[in-house]
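Everything numeric in this text was worked out from a predicted model, so none of it was measured.
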Amino acid sequence: MGILPISEWASRNASFGGPGTGNGPLSGPWYSTHKTQLLGVFLAAASNILISASLSIQKCAHLRLACQADPKPYYTSKLWWCGITLLGLGEVGNFTAYGFAPIALVAPLGCVSVIGSAFISVLFLKKTMRAADILGGTLAVTGTYLLVAFTPSVPHELTARQVQNYLVSWPFLVYSILEIIIFCILLYFYKTKGVKHVVVLLMMVALLASLTVIAVKAVASMITLSAKGKMQLTYPVFYIMIVLMVTSCAFQVKFLNQAAHLYEATAVVPTNFVFFTTSAIISGVIFYREFQRAALLSVFMFLFGCLLCYLGVFVIARNKKEEHLQIHFIDYGHIPGQKLTGKIQPDSHSSCYGTLNNEDNSVKAQR
């Protein structure tokens, strides 16, 4: 076997994504055309790690307060405020990331928050590391790599005039009409028929989220351009997008909170991640035309990366036990000779403390 010339070694290195002059994921040309997107990826990943850390810190603060003999309001805890500060920084970082990277790349990186929560809870909340956490994390990290490597490069400088043109384009108008019709149907079943299934609630969240990410990217991009000296804040569309962002986000939080109240996090978190990410990618494709010139292979590998992220989140959240604070009570049916199911009221501040529930008809029958 002969020795290859240096030029041929460099060519082979580049073809496999090495730091040569080819078109691989780590090559010079790829990096030069994607370095702005990489900044957005770094901001999104770091922000989601901050968010997962903040949630763990807030949970730790609540657990500490619950264990105290004289519990104080949570907002008096310095640890809780530390968590809120990290949450705010994370959300600001996510907002900024949309100004540097396409929606189709930033939205799926929400899986980093789920992975971070699983591993941070092991370190700080002393939970047990499960095999599902390792498997899910591996799938999500692999999917994230495919997302970064195969997301098409799109112009990151988004002007106010471009946003205006996108708003009146026929693909977005058709998409908006379809979205409004679907949302009204879901809202009808929610309000009139009282249907509060987790899929219905989270589908409404996803439809609103698609408008939120469109507005967030537009606002973040125009602010970024203005900071570079190209003023975009004097255009009315900038303030229209701010109103759309705030309004859609407020209603989105309302439905998401109700889903979190009615259902376990093991059902809400993965379902919301899949619905939100899919809706955000579709809105980015239609409004900002992010995959307009993408090769078929790039689209396939990107979708495969999304699928791996979805599977990773589902594996991590699947069969994860919810922790609740222990509330001690006395089961009256455990008293010998009694077959009652009433329980002693555990609230010491109530006038009914130590008594049976009034709704228990069997208790009344015994009297």
Close side-chain approach of Thr277 and Cys309, heavy atoms under 4.5 Å: no
Show your reasoning for whether side-chain contact (heavy atoms from CB on, under 4.5 Å) applies to Ile214 and Tyr166. CA-CA 10 Å; Ile214 287 174; Tyr166 290 151; over 6 Å; no
Listed partners of Phe273 passing ring-ring contact (aromatic ring centres under 6.0 Å, His included), at least two apart: Tyr310
Joint cluster assignment, Val243 & Tyr235, ILVMFWY side-chain distance < 4.5 Å: no
For Val148 and Val41, the nearest pair of non-hydrogen atoms, with its separation, is CG2-CG1, 4.0 Å
Closest contact, heavy atoms only, Ala259 versus Leu202: CB-CD2, 4.0 Å
Does the separation of the ring centres of Phe302 and Phe150 fall below 6.0 angstrom? no
Under 6.0 Å between ring centres: does that hold for Phe255 and Tyr190? yes
Mind running side chain to side chain donor-acceptor pair (under 3.5 Å) on Thr151 and Gln37 for me, showing each step along the way? CA-CA 9 Å; Thr151 299; Gln37 290 186 187; 5.5 Å; no
Distance-only donor-acceptor check, side chains Ser210 and Glu179, under 3.5 Å: yes
Can a donor-acceptor pair be found, under 3.5 Å and without considering hydrogens, that links the side chain of Tyr288 to the backbone of Ser283? no
Using the rule given for side-chain contact (heavy atoms from CB on, under 4.5 Å), can you reason through Leu146 versus Phe304, listing the C-alpha separation, both sets of side-chain angles and the distance that settles it, and then say yes or no? CA-CA 8 Å; Leu146 294 177; Phe304 184 61; 3.5 Å; yes
For Met129, give me all partners under side chain to side chain contact (heavy atoms under 4.5 Å, CB included), at least two apart in sequence or on another chain. Phe119, Val122, Asp133, Ile134
Using the side-chain contact (heavy atoms from CB on, under 4.5 Å) rule, take Val114 and Ser52 through it: C-alpha gap first, then chi angles, then the decisive distance, then the call. CA-CA 7 Å; Val114 180; Ser52 59; over 6 Å; no
